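First comes the structure, then the notes that go with it.
Nothing fancy with the numbering, it's 1 onward along the sequence. Here the structure is a predicted model, which means the values were calculated and not measured.
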Amino acid sequence: MNRFFATGLLGLFLTLLTPIQAQSSQTKLVIAAAASLTDALTEIGTVYQKQHPNVKLNFHFGSSGTLQKQIENGAPIDVFVS
């Protein structure tokens, strides 16, 4: 997945998932992503959190298959980027 596509996709997910109330209280989003996206998503997350200081992004990186199994077994993940 190229970096620009990943940036746009994560931005879209975060926009859809971040509630309007996030401006007055802390919102936490758990993002599971493929290990190959670590650098790009960490950079994107840093920029996003500067623009949205009341949103805490918690990234979990690993193999897509392992992350998928964790989600299927009930792991509390808000966004999955394979």
Side-chain angles (χ1 to χ4, degrees):
M1 176 182 298
N2 78 36
R3 187 175 186 173
F4 295 109
F5 180 73
T7 302
L9 189 60
L10 183 61
L12 174 63
F13 283 134
L14 293 176
T15 299
L16 294 173
L17 290 173
T18 304
I20 295 172
Q21 300 93 324
Q23 297 195 13
S24 63
S25 65
Q26 185 74 25
T27 297
K28 296 178 184 179
L29 293 175
V30 180
I31 302 164
S36 62
L37 298 173
T38 300
D39 292 339
L41 293 181
T42 300
E43 185 177 329
I44 293 165
T46 300
V47 172
Y48 183 86
Q49 286 188 277
K50 285 181 184 176
Q51 295 173 354
H52 305 276
N54 293 323
V55 179
K56 170 78 171 130
L57 302 179
N58 189 359
F59 288 100
H60 295 279
F61 296 102
S63 75
S64 295
T66 300
L67 295 170
Q68 177 184 350
K69 288 178 185 176
Q70 291 174 355
I71 293 167
E72 289 172 351
N73 289 316
I77 304 297
D78 298 308
V79 177
F80 176 50
V81 184
S82 177

Checklist entry - Can you list the residues that meet the side chain to side chain contact (heavy atoms under 4.5 Å, CB included) rule with S36, with sequence neighbours excluded? => result A34
Next on the checklist: The criterion is side chain to side chain contact (heavy atoms under 4.5 Å, CB included); which residues satisfy it with K56, sequence neighbours excluded?
Outcome noted: Q26, K28, Q49
Interatomic distance, [X] atom [atom1] to [Y] atom [atom2] [nearest 0.5 angstrom]:
X: I31; Y: L67; atom1: CD1; atom2: CG; answer: 12.5 Å
X: F80; Y: I71; atom1: CZ; atom2: CD1; answer: 5.0 Å
X: S63; Y: Q70; atom1: OG; atom2: CD; answer: 8.0 Å

Next on the checklist: What verdict does the side-chain contact (heavy atoms from CB on, under 4.5 Å) test give for T42 and F61, after you've listed the backbone C-alpha separation in whole Å, the side-chain angles of each residue and the deciding distance to 0.1 Å?
Outcome noted: CA-CA 10 Å; T42 300; F61 296 102; 4.0 Å; yes
Checklist outcome for this item: Minimal heavy-atom distance between Y48 and L57, with the atoms involved, is CD2-CD1, 3.8 Å
Checklist entry - Looking only at heavy atoms, what is the nearest atom pair of L29 and D78, with distance? => result CA-OD2, 3.3 Å
